[in-house]
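Notes follow once the structure below has been shown.
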There are 2 protein chains.
Amino acid sequence: MRRPSNRVTSTDVAREAGVSQTTVSFVLNDTRGQTIPEETRRRVLEAAKRLDYRPRGSARSLAAGRSDVVLLALPGVPISANLSRFIEQLAAALAENGLSLLTHLVEGHGRPLPDLCAAVDASVVVSLIPLDAETAAAVQRTGAELVHGAAGRAQVELQAIGRLQAGHLIESGRERLGYALPALHATEFRVRERMRGVEAECADRGLAPPLALTVDMDGEQAALVVDEWVRSSVTGVCAYNDEAAMAVLAGMHRRGLSAPDDLAVIGVGDIVAGQVCIPPLTTVAVDYENSGRDLARVVAARLEGETPAESASVTRPRLVRRASAP
Amino acid sequence: MRRPSNRVTSTDVAREAGVSQTTVSFVLNDTRGQTIPEETRRRVLEAAKRLDYRPRGSARSLAAGRSDVVLLALPGVPISANLSRFIEQLAAALAENGLSLLTHLVEGHGRPLPDLCAAVDASVVVSLIPLDAETAAAVQRTGAELVHGAAGRAQVELQAIGRLQAGHLIESGRERLGYALPALHATEFRVRERMRGVEAECADRGLAPPLALTVDMDGEQAALVVDEWVRSSVTGVCAYNDEAAMAVLAGMHRRGLSAPDDLAVIGVGDIVAGQVCIPPLTTVAVDYENSGRDLARVVAARLEGETPAESASVTRPRLVRRASAP
DNA sequence: TTGAAAGCGCTAACAT
DNA sequence: ATGTTAGCGCTTTCAA
């Protein structure tokens, strides 16, 4: 076969504790239906600690048929501080259930998700990205439970963001809106849905749809775009994100215009820079709050075989009022 | 034992292809030293594809004594677009070597790194965070190779960033510098080292050390800080990061001052917002360029048992000139 | 309350 | 060129 590794195994622990390997397993797993005297338990636990024993996941999941690994699939985009906090919560809550959270960060790079699932024998895959049917099926065929972090509702929530933006601008008296599309990823699902939210809100309030224009990360180009909005009597602009919103602000500055008087501007994301741009940026923040813990609960339930009343939604848009659109 | 799962195994593939399970293993692993006729290979491959077979990682690594999992340990902070690209490269390059990249995103949350290593039987751990000796030892005791992504040199590079900032300002004629510390994490290693770089550069050029002040993400507070710099005849400010730099810009704006005339400002990070703030922000970008691929090479070498001339450094600071400090 | 023993699905040495 | 077989370290039944 191969050189036997020198890593500590449960057999070593058993020898050290003077019990059988089976007993070690019982103690370490708190096997229910097994009653272990305190004295034995203590001896095993101490031996394990003394040897710094760590059960080998591969052996464990091979034998048990399921691992304690939860795979989190994230889109490859930069990860915001906000999302970062959500992941922390999720990891912490899962750890309390003895589960290990590992992340697949880079959609489309590296090995395909189903391969990764098989590679670590994941018991659950939590996906924050929409999986096409084929991938989803392949994941499930590896034996992993599939949990959608933002499934189904994602579309609704994305639109809710747009609605919140438009609603705020309209309530402050703007009747003709513009929409600032990002130069990159302009065709992405998220971009489309957020803009749809704005359109829907305008429609509901009997206003014309927003005048959508693409904004580069360049003051001069942005100024041109601003010119066009002004020409069209636009008085409020919803941007796809805070960066695009800041580009609009920069374009206005070049023309001697200022927010909110000439054009009210509202972004999405609540990036730190938005607090100190000129003027400070009104934006829609997407909070994850306790949803990390909620999701962990869903994951745990799934492992019990239950199908809980679907995941509470992960996101929750909130208006952050600052000077650019008071 | 347990209900036999209905997942496809290599035995199923063997049956489907009409060969032994061993042969399937040979074909799928391209076992060197084994010669397989094209016809057999084809039959096996087709059977595998037909059944959508995926080798189970746990069984594989249990038998082979090593898995194909590479664990990337990242700090819990938000992940920049830049770092994101680095990870993509790494994942892609590793995949070419048949390795799977999984990420441990949340330092200090969830299970400890050594536990995760054991849980997935990682063969390599790539750490972008400094690991304390105890953790490092524990990781290695799980059998994983430890590769430091930015080890040792980290300090040098962090200082190089500060030097680049200061050098640029000084070369453009500024003789008295300020340093903008972030309100949060002000005591962090990175913050200290970056500022040390600025101090070192000032010292080398025979100038006084920078006047370091803490800047909040708040225009009014920043204005107060700017007042103090002006009072002290500071003419150029190095900020810990782009956000802090933008706060300085905001403070200046409140006082009717503008960059670079009254105060030249330079950040770090090259965040997108810096392209469209007022004025556009000069900054130091930290590029990962091809270091994802480089690191993958180091990982592969380590798995071969070689100890290559230590990892090429991961980062490389570069000046991005814009209006705030031309 | 404990332990012996049978696998889990795979790799790799050893036949054939 | 292919198959037989012995484990890898663990969980879990079953017997003691």
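Since the structure is predicted, the reported quantities are computational estimates derived from the model, not experimental observations. Labels below follow one simple rule: chain letters A, B, ... track the order of the sequence lines, proteins then strands, and each chain is numbered from 1. Values reported hereafter were calculated over all heavy atoms of this structure, with side chains retained and with hydrogens, waters and symmetry mates removed.
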CA sep, side-chain torsions, deciding dist, call: A/Ser100, B/Arg111, side chain to side chain donor-acceptor pair (under 3.5 Å)
CA-CA 6 Å; A/Ser100 307; B/Arg111 324 193 64 183; 3.1 Å; yes
Run the numbers on A/Glu193 and A/Arg190 for side chain to side chain contact (heavy atoms under 4.5 Å, CB included), then give the verdict.
CA-CA 5 Å; A/Glu193 290 306 313; A/Arg190 298 211 247 180; 6.0 Å; no
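Minimum heavy-atom separation, A/Ser61 to A/Asp121: OG-OD2, 3.9 Å.
Contact annotation: side chain of A/Ser20 to base of C/dA4, donor-acceptor pair absent below 3.5 Å. Donor-acceptor pairing under 3.5 Å, judged by distance alone, is absent between the side chain of A/Thr40 and the base of C/dT1. Residue B/Thr23 places no side-chain atom within donor-acceptor reach of the base of D/dA1, judged by atom type and a 3.5 Å distance cut-off alone.
The structure places CZ of A/Arg43 at 11.0 Å from CD1 of A/Ile36, a figure rounded to the nearest 0.5 Å.
When each of C/dG3, C/dA5, C/dG9 is scored by its nearest atom to the side-chain atoms of A/Val19, the top-ranked nucleotide is C/dG3. Picking from D/dT12, C/dG9, C/dT1 the nucleotide with the shortest atom distance to the side chain of A/Ser25 gives D/dT12.
Judged by closest nucleotide on DNA chain C, A/Gln34 is the one of B/Ser10 and A/Gln34 placed further toward the 5' end.
A sub-4.0 Å separation between OP1 or OP2 of C/dT11 and a side-chain N or O of B/Arg60 is present. Contact annotation: A/Tyr53 side-chain N/O to D/dG9 OP1/OP2 distance is not under 4.0 Å.
Taking five base pairs at each end of the helix from C/dT1-D/dA16 to C/dT16-D/dA1 and finding the rotation axis that steps the C1' atoms of four pairs onto the next four gives two axes whose angle is 40°, to the nearest 10°.
B/Ser25 and B/Thr22 are not linked by any side-chain donor-acceptor pair at a separation below 3.5 angstrom, with hydrogens and angles left out of the test. Side-chain polar atoms of A/Asp132 and A/Thr135 form a donor-acceptor pair below 3.5 angstrom.
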